[in-house]
Enquirer: 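What follows is a single structure, and I will ask about it in a moment.
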Amino acid sequence: MLSVKSAVFGGLQNNCYLITDKDTNKSALVDCTEFSDRMLDFIGNADLEYILLTHGHFDHIGGVSEISERFNAKIVISSIDAPMLSSSKLSLAAFCGAVHNNSSADITVEDNDVIELGNSEIYVISTPGHTSGSVCYMCDDNLFTGDTMFFCSCGRTDFPTGSPVDMQKSLIKLASLNGDYKIFAGHDRQSTLDFERKNNPYISRK
């Protein structure tokens, strides 16, 4: 069983999540907006094994280099978005006046990969649309959707490698999962998959 802790960081109000396997205290940080005393306090004494990145935009990776080094945590990102970690242009930091600290992936993931966290398993779901390498992470009844699915909305598709067609397919892919899940998005409030199936206007009803 996993526990989930959340906090909001940065000027773009990013949600970061600390998921912990209760049996072993092995933990993973989902997205890492910044390196700060507040982020260190958020992680606390968790045995941080992974930093799971939903995609490579600067507001989701800003603290990855320092946090990874501090905790000896492995950086996990899709193979498609991995180049963003070492490019301020690809991460969009250069266009937004944001600081970009180069890093590199320790583990690159693809659709249907499984990450072991203590006694728990985290499943990777490829969800292109916001970026071509966006992924979601599913564990227990939790779904970490990054900038793919928001509360009654979805991520922008007008950035480089974004695609409205791919986003629509990815939203349908998530909506087609069996059962209900708690939705932990990269921005805005939490939701549930059942609620989004019924109310999210960006999920095709066709």
Side-chain angles (χ1 to χ4, degrees), residues 2 4 14-17 19 28-33 49-61 64 73-87 90-92 103-117 120-151 153-188 190-194 196-197 200 202-204 206:
L2 291 164
V4 180
N14 286 71
N15 296 320
C16 295
Y17 302 99
I19 58 178
L29 183 65
V30 180
D31 289 334
C32 186
T33 299
E49 188 168 3
Y50 303 110
I51 303 172
L52 306 177
L53 300 174
T54 58
H55 63 289
H57 283 158
F58 71 93
D59 55 320
H60 293 256
I61 68 171
V64 166
K74 296 180 177 66
I75 300 171
V76 181
I77 193 170
S78 73
S79 57
I80 297 173
D81 273 14
M84 294 183 179
L85 295 174
S86 57
S87 170
L90 294 177
S91 75
L92 304 185
S103 58
S104 60
D106 297 298
I107 300 171
T108 57
V109 291
E110 312 285 348
D111 194 34
N112 296 318
D113 280 352
V114 179
I115 300 165
E116 294 185 359
L117 182 69
S120 300
E121 292 183 330
I122 301 170
Y123 298 88
V124 179
I125 304 173
S126 175
T127 53
H130 183 63
T131 67
S132 57
S134 290
V135 298
C136 298
Y137 297 99
M138 182 174 67
C139 46
D140 292 348
D141 61 347
N142 309 303
L143 188 59
F144 300 90
T145 58
D147 286 4
T148 298
M149 180 182 286
F150 297 145
F151 175 83
S153 188
C154 66
R156 291 176 59 169
T157 60
D158 57 339
F159 293 131
T161 81
S163 165
V165 172
D166 286 345
M167 177 64 80
Q168 181 61 217
K169 291 178 181 177
S170 292
L171 292 172
I172 293 171
K173 183 177 183 179
L174 293 179
S176 299
L177 293 171
N178 291 325
D180 193 17
Y181 290 86
K182 300 171 187 174
I183 299 294
F184 296 98
H187 303 270
D188 205 359
Q190 296 176 16
S191 186
T192 68
L193 191 54
D194 271 351
E196 297 305 318
R197 287 182 180 118
N200 194 317
Y202 293 90
I203 299 175
S204 174
K206 295 179 182 178

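Quick caveat, the model's predicted, so the values are computed rather than measured.
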Enquirer: So Ile80 and Thr161, do their side chains get closer than 4.5 Å, heavy atoms only?
Expert: no
Enquirer: Suppose we screen for ring-ring contact (aromatic ring centres under 6.0 Å, His included). Which residues come up paired with Phe150, at least two apart in sequence or across chains?
Expert: His187
Enquirer: Cys136 versus Thr145: any side-chain heavy-atom pair under 4.5 Å?
Expert: yes
Enquirer: Within the 4.5 Å heavy-atom criterion, are Phe184 and Asn15 side-chain neighbours or not?
Expert: no
Enquirer: Does the pair Leu177 and Ile125 meet the rule for a side chain to side chain contact (heavy atoms under 4.5 Å, CB included), with working shown?
Expert: CA-CA 11 Å; Leu177 293 171; Ile125 304 173; 4.1 Å; yes
Enquirer: Side chains of Ser163 and Ser132: closer than 4.5 Å at any heavy-atom pair?
Expert: no
Enquirer: Is any side-chain heavy atom of Ile77 less than 4.5 Å from a side-chain heavy atom of Val64?
Expert: no
Enquirer: Determine, stepwise, if the pair Thr54 / Asp147 fulfils side chain to side chain contact (heavy atoms under 4.5 Å, CB included).
Expert: CA-CA 8 Å; Thr54 58; Asp147 286 4; 5.7 Å; no
Enquirer: Taking the side chain as every heavy atom from C-beta outward, state whether Glu110 and Ser126 have any pair of such atoms under 4.5 Å apart.
Expert: no
Enquirer: Could you report the tightest heavy-atom contact between Thr157 and Gly129, atom names first, then the distance?
Expert: CG2-O, 3.7 Å
Enquirer: Test Ile75 against Ser103 for side chain to side chain contact (heavy atoms under 4.5 Å, CB included), laying out the working first.
Expert: CA-CA 9 Å; Ile75 300 171; Ser103 58; 4.0 Å; yes
Enquirer: Counting C-beta onward and ignoring hydrogens, is there a side-chain heavy-atom pair between Tyr202 and Met167 closer than 4.5 Å?
Expert: no
Enquirer: With respect to His60, which candidate in Asp81, Thr33, Asp31 satisfies the side-chain hydrogen bond (donor to acceptor under 3.5 Å, both in side chains) definition?
Expert: Asp31
Enquirer: Which heavy-atom pair separates Met149 from Ala185 by the least distance, and what is that distance?
Expert: O-CB, 3.3 Å
Enquirer: Does Phe159 reach the side chain of Thr131, with side-chain heavy atoms less than 4.5 Å apart?
Expert: no
Enquirer: In sequence, state the C-alpha distance, the side-chain angles, and the governing distance for Ile19 and Asn142, and then conclude on side chain to side chain contact (heavy atoms under 4.5 Å, CB included).
Expert: CA-CA 10 Å; Ile19 58 178; Asn142 309 303; over 6 Å; no
Enquirer: Hey, is CD on Glu116 packed in by over 12 heavy atoms from elsewhere, all under 6.0 Å?
Expert: no
Enquirer: Which of these, Asp106, Ile107, Leu53, Ile122, sits in a side chain to side chain contact (heavy atoms under 4.5 Å, CB included) with Val76?
Expert: Ile107
